[in-house]
Protein chains: 2
Amino acid sequence: MSTSDQKRELDGLDAKLLLELIEQPDATTVALAQRLSVSRNTVQARLQKLGQGTLESFQRRVSPRTMGYDVEAFMNASIRQGYDRETMKALAEIPEVLQIFATTGDADLRLTVTARSTDDLYRVNRLILDIPGIVRTSTSVVLREFLSYRTKPLLERIIE
Amino acid sequence: MSTSDQKRELDGLDAKLLLELIEQPDATTVALAQRLSVSRNTVQARLQKLGQGTLESFQRRVSPRTMGYDVEAFMNASIRQGYDRETMKALAEIPEVLQIFATTGDADLRLTVTARSTDDLYRVNRLILDIPGIVRTSTSVVLREFLSYRTKPLLERIIE
DNA sequence: AATTATTTGAACATAATGCTTCATTCACAT
DNA sequence: ATGTGAATGAAGCATTATGTTCAAATAATT
């Protein structure tokens, strides 16, 4: 039982593998193997393990912007106690709601929301406010993305 | 010149393709072709276009949690005027800073930050506060992720 | 030192890929 | 309606990758 634990932390090879894939997402197994100077079998085994649970969904690579949703916003929302489950369900039924977090701090929920325009964002905001259990919202619109999501430095730190 | 514009919006086929890839990220080109009842050439062409600019980096699929960074937090930070460029550069040099947005609202910046633990988060917070130009920060730690990033509903909306 | 886990290399049949060509269909502007 | 350019489908071919298995070598743990 102690053999293959569920959640093993990434080692150097895993990190190198992921870094390569960041550079060349469509790199073939053999290409990765020779670039990292390991056998094809090893790469194959590692990739399989990475695929099983450690890698996030492909969805992460899809940007709403591609679909014409040019506005991104963060929203704080307070919910009435006891309405949690149903409120969450209603929120999840709105396609423009991309993420829902519960966080510490004043507001109960933190949403990532997208919209086609600022006008459209207003519409989405109303949709959310109409959900029973939602008390109030405060929105901040993304003006600019100075640094887009990256984990590369963390991966590089693993190697050395 | 009007032939192939840079940013074309996704059509139904693109959306279907992406939805398939969400279900089976390692699906082969031919498998996708027969599942969508289009020719292999078409899938190949579409995937190539998607790879050129519309798809976000593979980095998005890498979760800090995989690397032992179990804490995720959002941080609002105010910056002193005129320090923008250098401050941003200093922030980007901290591996635990995953994202930087400029947003409307009280705070100037909104950061996504990760850390190994809450103690570690405190350390990262100090790193950020020590950056010249950063005036103050307010942090909210993610307690739970009710809905993890998804664009599937938006994609499905394109189809019908 | 002993045991277990991981890696390696090799082989094989099967399948996918990249690329090209070409006819056809489609969308759109004239 | 008509012409133009782009997107698609179909087919073929040489090359390359894949999945799989296995025994031996190496590394890591106890």
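The basis for the numbers below is simple: all heavy atoms, side chains too, and nothing from hydrogens, waters or symmetry mates. As the structure is a prediction and not an experimental result, all values here were calculated from the model.
Between the side chains of Asn76(A) and Thr137(A), no donor-acceptor pair is found at a separation under 3.5 Å. Side chain to side chain, Ser117(A) and Asp70(A) fail the donor-acceptor criterion of an N or O pair below 3.5 Å. Ser57(A) and Arg61(B) form no side-chain donor-acceptor contact under 3.5 Å, judged by distance and modelled atom types alone.
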Decide yes or no on salt bridge (charged side-chain N to carboxylate O under 4.0 Å, His left out) for Glu23(B) and Lys152(B), but give the supporting numbers first. CA-CA 10 Å; Glu23(B) 300 305 323; Lys152(B) 214 161 135 183; 3.0 Å; yes
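Between the CG atom of Leu36(B) and the C1' atom of dT8(D) there is a distance of 14 Å, given to the nearest Å. A straight line from CG of Asp11(B) to C1' of dC26(C) spans 13 Å, rounded to a whole angstrom. With rounding to whole Å, Gln34(A) atom CD is found 8 Å from dA17(D) atom P. Regarding Gln48(B), its CD atom lies at a distance of 20 Å from the P atom of dA16(C), rounded to whole Å. Separating the CZ atom of Arg40(A) from the C1' atom of dG19(D) is a distance of 8 Å, rounded to the nearest angstrom. Rounded to whole Å, atom C1' of dT7(C) lies 14 Å from atom CG of Asp14(A). Per the geometry, CG belonging to Leu32(B) stands 14 Å off P belonging to dG9(D), to the nearest Å.
The Val38(A) side chain lies nearest to dT8(C) when the options are dT8(C), dT18(D), dT20(C). Of the candidates dA17(D), dT20(D), dT8(D), the closest approach to any side-chain atom of Leu13(B) belongs to dT8(D). Closest to the side chain of Lys49(A), from the set dT8(C), dT6(C), dA16(C), is dT6(C). If you check dT8(C), dC19(C), dT18(D) against the side chain of Ser39(A), the one that comes closest is dT8(C). Here the nucleotide nearest the side chain of Asn41(B), chosen from dT8(C), dT18(D), dT21(C), is dT21(C).
For Ala31(A) and Ala45(B), each mapped to the nucleotide of DNA chain D holding its nearest heavy atom, the one lying further toward the 5' end belongs to Ala45(B).
Contact between the side-chain N/O atoms of Gln44(B) and the OP1/OP2 oxygens of dT17(C) is not found at any separation under 4.0 Å. OP1 or OP2 of dG9(D) sits under 4.0 Å from a side-chain N or O of Thr42(B). OP1 or OP2 of dT16(D) has not a single side-chain nitrogen or oxygen of Thr28(A) nearer than 4.0 Å.
The residues Arg65(B) and Glu56(A) are annotated as not salt-bridged, no charged nitrogen and carboxylate oxygen being separated by less than 4.0 angstrom.
Between the base of dG9(D) and the side chain of Arg46(B) there is no donor-acceptor pair shorter than 3.5 Å.
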